[in-house]
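Report on one structure; see the data block that follows.
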Number of protein chains: 2
Amino acid sequence: MVIPVNQLRARGYRLTPQRLAILRVLNQVGTHRTPQEVYNLALKEIPGITEATVYRTLSFLTAQGLVLEAHVGNGQLVYECAEQVHHHLVCRACQATSMVDYADLQGVFRDLEQKTGYLIDSRHVALLGLCPDCQDKTEHTTNGKGER
Amino acid sequence: MVIPVNQLRARGYRLTPQRLAILRVLNQVGTHRTPQEVYNLALKEIPGITEATVYRTLSFLTAQGLVLEAHVGNGQLVYECAEQVHHHLVCRACQATSMVDYADLQGVFRDLEQKTGYLIDSRHVALLGLCPDCQDKTEHTTNGKGER
DNA sequence: TTGCTTATTGCAAATAGTTGCAATAACGAG
DNA sequence: CTCGTTATTGCAACTATTTGCAATAAGCAA
Ligand SMILES: [Mn+2]
Ligand SMILES: [Mn+2]
Ligand SMILES: [Zn+2]
Ligand SMILES: [Zn+2]
């Protein structure tokens with residue numbers, strides 16, 4: 001997997017060591033990371049890098065489509081490289097996250113586009129709920145009637 | 001529309017003036033508000049109320065299902081009363097938000113539940129994209145080929 | 001290579017949101 | 001109505017995130 005150097009430059013943006021480092025960090029870890037975590041990892045590569053730059057760079061890379069961001073329930077924004085787009089199911093109870101095929105939401109997206117005229121381009125949605133395990137654990141507190 | 005006083009007490013929580021005021025504020029405005037906005041409005045009713053209390057109360061009311069929260073693209077968390085659940089389409093360009101029937105996403109939710117075993121209970125999803133107007137405005141910069 | 005333009009960074013100050021803890025006050029029991 | 005238990009608040013310190021601005025350094029042209 002290659003960093004799209006050219007892409008950025010072609011669009012008039014600059015290829016700075018900070019941006020490359022952050023992109024590299026996200027590529028290596030492979031999963032979601034908070035800005036703070038990215039900052040700490042990037043610090044090893046670019047000793048002088050600042051948090052402000054990390055925040056700004058993550059937003060920038062997200063806007064450019066090279067990185068995905070998401071709120072995964074705990075209030076923290078997280079980022080990851082955008083190699084393959086996808087969505088998520090996140091457990092409210094244990095924070096477990098599972099992937100959802102991008103294609104699995106395309107249908108609804110298309111339907112909603114028809115109805116509303118909007119062009120929908122969410123590439124990293126997180127839906128909340130309870131994972132199978134946590135459903136079991138809370139089973140004794142429910143009566144199976146599905147009441148809220 | 002009535003504040004579910006009993007509900008809260010029945011669950012062992014207390015019905016404080018702060019909670020009532022915040023609930024009232026959200027009921028009156030009817031739409032999404034940021035914690036800061038809620039704070040300023042609540043301040044008129046409870047002069048001594050603090051921001052910490054507002055943040056905590058909004059989380060609490062969300063957990064209790066009396067309030068809905070959502071990230072609507074601009075990085076800000078927003079809250080609103082949970083009279084009728086629904087979802088949203090938000091324009092990345094002009095921030096316009098339109099409602100999406102809750103039922104319109106139920107289908108996918110059920111499908112995903114089948115596939116994954118998760119129980120999905122997101123009651124206020126925000127999907128991002130471009131509203132019809134903003135699509136027109138950026139039309140001249142695209143070539144109709146739909147490239148990213 | 002050298003110099004110029006200007007996008008990007010670092011810094012510091014500002015704003016937003018969270019948390020521990022002691023004081024307060026809901027509210028059920030008597 | 002009075003009292004005791006304990007959930008909730010206010011406060012202050014702390015952490016997270018954003019922003020303005022001057023200094024820096026990509027990247028292009030010569
Ligand atoms: Mn992801
Ligand atoms: Mn809403
Ligand atoms: Zn779980
Ligand atoms: Zn728009």
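Hydrogens, waters and symmetry mates are skipped; everything else that's a heavy atom, side chains included, is used. Numbered from 1 within each chain, the chains take letters A, B, ... in sequence-line order. Remember, predicted model here, so these are calculated numbers, not experimental data.
For residues 53-61 of chain B, proximity to DNA chain C is found at B/Tyr55, B/Arg56, defined as any non-hydrogen atom under 4.0 angstrom from a strand atom. Contacts between residues 28-48 of chain A and DNA chain C, counted as heavy-atom distances below 4.0 Å, involve A/Gly48. The stretch residues 66-78 of chain A touches DNA chain D through A/Gln76, each having a heavy atom under 4.0 angstrom from the strand.
Hydrophobic cluster membership is shared by A/Phe60 and A/Ile22, with clusters built from Ile, Leu, Val, Met, Phe, Trp and Tyr side chains linked at under 4.5 angstrom. Side-chain heavy atoms closer than 4.5 Å link hydrophobic residues (I, L, V, M, F, W, Y) into clusters, and following such links, possibly through other members, connects A/Ile46 to A/Val54. Under the 4.5 Å side-chain contact rule for hydrophobic residues, B/Tyr118 and A/Val125 share a cluster.
Between the CG atom of B/Leu130 and the CG atom of B/Leu89 there is a distance of 10.5 Å, given to the nearest 0.5 Å. Put simply, CD on B/Gln95 and SG on B/Cys131 are 10.0 Å apart, with the number rounded to the nearest 0.5 Å. To the nearest 0.5 Å, atoms NE2 (B/His32) and CG (B/Leu77) are separated by 11.0 Å.
Ring geometry for B/His86 versus B/His124: interplanar angle over 60°, hence perpendicular rather than tilted (30 to 60°).
Protein atom CG of A/Leu15 is 16 Å distant from nucleotide atom C1' of C/dT6, rounded to whole Å. Between A/Ile49 atom CD1 and D/dT17 atom P there is a gap of 15 Å when expressed in whole angstrom units. Rounded to a whole Å, the CZ atom of B/Arg11 is 18 Å from the C1' atom of C/dA26. Between the OH atom of A/Tyr13 and the C1' atom of C/dT5 there is a distance of 17 Å, given to the nearest Å. Rounded to a whole Å, the CD1 atom of B/Ile22 is 13 Å from the P atom of D/dT8. In this structure, A/Arg9 places its CZ atom 14 Å from C1' of C/dA7, rounding to the nearest Å. Taking atom CZ of A/Arg14 as the reference point, atom P of D/dA26 lies 9 Å away to the nearest angstrom. Taking atom CD of residue A/Glu51 and atom P of nucleotide C/dA14, one finds them 18 Å apart after rounding to whole Å.
The base of C/dT8 does not come close enough to the side chain of A/Arg19 for any donor and acceptor atom to sit less than 3.5 Å apart.
End-to-end axis angle for the helix from C/dT1-D/dA30 to C/dG30-D/dC1, using five pairs per end and rounding to 10°, comes out at 30°.
Among the heavy atoms of the strands lying under 4.0 Å from B/Gln18 are primed sugar atoms or P, OP1, OP2 only; no base atom is included.
Remark: B/Gln36 pairs with B/Tyr55 by the side-chain hydrogen bond (donor to acceptor under 3.5 Å, both in side chains) rule, at least two apart or across chains.
Within the 4.5 Å cutoff, the side chain of A/Glu37 has no heavy atoms near those of the A/Gln76 side chain. When side chains are defined from C-beta on, B/Thr57 does not count as touching B/Leu23, because their heavy atoms never get closer than 4.5 Å.
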Please list, one pair per line, the donor and acceptor atoms closer than 3.5 Å that link side chains of residues 103-112 of chain A to other protein atoms, with sequence neighbours excluded.
from, atom 1, to, atom 2, distance (Å)
A/Asp104, OD1, B/Lys115, NZ, 3.0
A/Asp104, OD2, B/Lys115, NZ, 3.1
A/Gln106, OE1, A/Arg110, NH1, 2.5
A/Gln106, NE2, A/Tyr102, OH, 3.1
A/Arg110, NE, A/Glu113, OE1, 2.8
A/Arg110, NH2, A/Glu113, OE1, 3.3
A/Arg110, NH2, A/Glu113, OE2, 3.2

